[in-house]
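Only one structure is covered here, and it is reproduced in the block below.
Convention: sequence-line order gives letters A, B, ...; per-chain numbering from 1. What you see below is based on every heavy atom in this structure, not just the backbone, and it leaves out hydrogens, waters and symmetry mates.
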2 protein chains.
Amino acid sequence: MPQSTEPPPRPPTGLEIADWVRQRIRTGRFVPGQRLVEVDIIRQTGASRSKVREALQRLEGEGLVEIEEFRGASVRSSTLDEVRQIYRARMALEGMAMHDFTAKADPAMIARLQDLQDQLDACVKDRAPDRFGRLNNEWHRLIVEGSGNNVIAEHLQRLNVPIHRLLFESFYDDDRLNTANADHRAMLALIVAGDADGAERAMRRHIGDGFETLARIEDEFYS
Amino acid sequence: MPQSTEPPPRPPTGLEIADWVRQRIRTGRFVPGQRLVEVDIIRQTGASRSKVREALQRLEGEGLVEIEEFRGASVRSSTLDEVRQIYRARMALEGMAMHDFTAKADPAMIARLQDLQDQLDACVKDRAPDRFGRLNNEWHRLIVEGSGNNVIAEHLQRLNVPIHRLLFESFYDDDRLNTANADHRAMLALIVAGDADGAERAMRRHIGDGFETLARIEDEFYS
DNA sequence: ATCAACAACATTGTCAACAATGTCGTCAGC
DNA sequence: GCTGACGACATTGTTGACAATGTTGTTGAT
């Protein structure tokens, strides 16, 4: 795509366009409510209109954008209540993933997790919130991928999309950084101990707390 | 659509085509592996090619069909392990739905559930497995819709699609009919008692047992 | 009989032109 | 100034023709 240093001669496929748009939504370059005009995307990506339309329909299926007849696509925005529902679903699925991960984790996986944990600890010490964010994502992904359940992994990926304007800020709360990391350590201990049920409960609490933090930030924002 | 007695004059939309195909997969009219040729669907539904292609891409996004370049769409088939993963996801999500339903159920909802339960009991007595199947679906839907979590509801709907050839047969096991109904009664009692955690555990066990039955049938089939 | 090469056909992918609709500014009338 | 009708423009929806690819059947040599 044109944005990179080396534009590929091959015109981008529908999936690539979808990725491109998804990425821009993830990074906040496309904000909720913003209209996604086909021609603009064509100009920026070099794709044909069919491909762009295909990509937008795909994203609509993922719940990321909204398409209205003759009005086109726009980035979907969600209420706080929908975010609550998303977190509830994440608690269920990621909890289950944690359960299965704990039940089948081998020493190699645990070692990788331990390594990640050390890096996360360092981030907390150094107050490096965005590196923490990246590693945090990786930590959660490691659990989910390691659970051996691709169906859950795919559904979680779909739930992990920030369609709420406040989802970006939750990690920059210093308090939250500390408690989240403490949660991670506790979960690691439970995994090592082979306590699948306990690890699942801990994961659910961890995600639930994440939402609480988010809701608190939202509250403060409006007062 | 042509199959009904009164074909609508308006050409069907992409969503309707998707529903049409989905329905045919659900009822076993389209079996896993079967190719879905665009022209055939056009002939049978009267839709335009764009709409058919849109519908197929949508279904691909749902994981129901598989699209290969220049080879078109075909009904996706899944291994027993993928079915296991699906059931695992259902345990997580429907368990959570049950939890929230129990926590917020009002007398009216409980009454509707009680009514359904009576009809289910009758079905078991009368040995009416397919009516039981329909009511059973309604029972589960009532719980999920009543949980107040649309996100979970949508993800469950996506998980509820039978892409495995044996998913149809599991209800016709007479033993299973009885235990499943007993599960339902037990869950109803837990709901009335307001025991959200207990109801969640019961739902998870119930769904897990469903998979066990399925796996047993599969085993017998291959021996 | 087997196999490769080839050709006719079937099916899907792409694109561009056109139609349908929404959007926004303009202007007359009050 | 306000409002509603009107028209130019922008954007999306639809269709059909054509290109690219896969599929199947045929033929002829071995």
Next on the checklist: Minimum heavy-atom separation for Val31(A) and Val75(A), please, with both atom names.
Outcome noted: O-CB, 3.4 Å

Checklist entry - How is Ser50(A) classified with respect to the nucleic acid when contacts are heavy atoms under 4.0 Å: base, sugar-phosphate, or nothing? => result base

Item to check | Salt-bridge criterion met for Asp115(B) and Arg112(B) (N-O under 4.0 Å) | outcome: no

Next on the checklist: If the condition is side chain to side chain contact (heavy atoms under 4.5 Å, CB included), which residues does Arg29(B) pass it with, not counting sequence neighbours?
Outcome noted: Arg24(B), Thr27(B)

Item to check | Atom of Val151(B), atom of Ala89(A) and distance for their closest heavy-atom approach | outcome: CG1-CB, 4.3 Å

Checklist entry - What parts of residues 60-72 of chain B reach DNA chain D, counting only heavy atoms under 4.0 Å away? => result Phe70(B), Arg71(B)

Checklist entry - For Asp81(A), what residues pass the side chain to side chain contact (heavy atoms under 4.5 Å, CB included) criterion, not counting sequence neighbours? => result Thr79(A), Arg84(A), Gln85(A)

Item to check | Aromatic plane relationship, His140(A) with His184(A) - under 30° parallel, 30 to 60° tilted, over 60° perpendicular | outcome: perpendicular

Checklist entry - Can you list, by residue number, the residues of residues 34-42 of chain B that have a non-hydrogen atom closer than 4.0 angstrom to DNA chain D? => result none

Item to check | Under the side chain to side chain contact (heavy atoms under 4.5 Å, CB included) test, residues paired with Ala18(B) that sit two or more places apart | outcome: Arg22(B), Ala55(B), Arg58(B), Leu59(B)

Next on the checklist: Nearest whole Å is fine: how far is dG13(C) P from Arg53(A) CZ?
Outcome noted: 17 Å

Checklist outcome for this item: Across all chains, not counting sequence neighbours, the side chain to side chain donor-acceptor pair (under 3.5 Å) partners of Arg131(B) are Gln119(B)

Checklist outcome for this item: In short, side-chain hydrogen bond (donor to acceptor under 3.5 Å, both in side chains) pairs touching residues 145-157 of chain A with sequence neighbours left out are His155(A)-His155(B)

Checklist entry - Can you list every pair that meets salt bridge (charged side-chain N to carboxylate O under 4.0 Å, His left out) and has a residue in residues 85-95 of chain A, with sequence neighbours left out? => result Arg88(A)-Asp100(B), Arg90(A)-Glu94(A)

Next on the checklist: Test of understanding: with side chain to side chain contact (heavy atoms under 4.5 Å, CB included), list the residues that count as partners of Glu200(A), not counting sequence neighbours.
Outcome noted: His99(A), Arg204(A), Arg204(B)

Item to check | Span of DNA chain D in contact with chain B (heavy atoms, under 4.0 Å) | outcome: dT14(D) to dT23(D)

Item to check | Interatomic distance where NZ belongs to Lys51(A) and C1' belongs to dC15(C) [whole Å] | outcome: 11 Å

Item to check | Under the salt bridge (charged side-chain N to carboxylate O under 4.0 Å, His left out) test, residues paired with Glu66(B) that sit two or more places apart | outcome: none

Pairs: protein N or O with nucleotides 5-8 of chain C N or O, under 3.5 Å:
none

Item to check | Candidate list Arg43(B), Arg53(B), Arg71(B), test salt bridge (Lys or Arg N to Asp or Glu O under 4.0 Å), partner Glu38(B), passing option | outcome: Arg53(B)

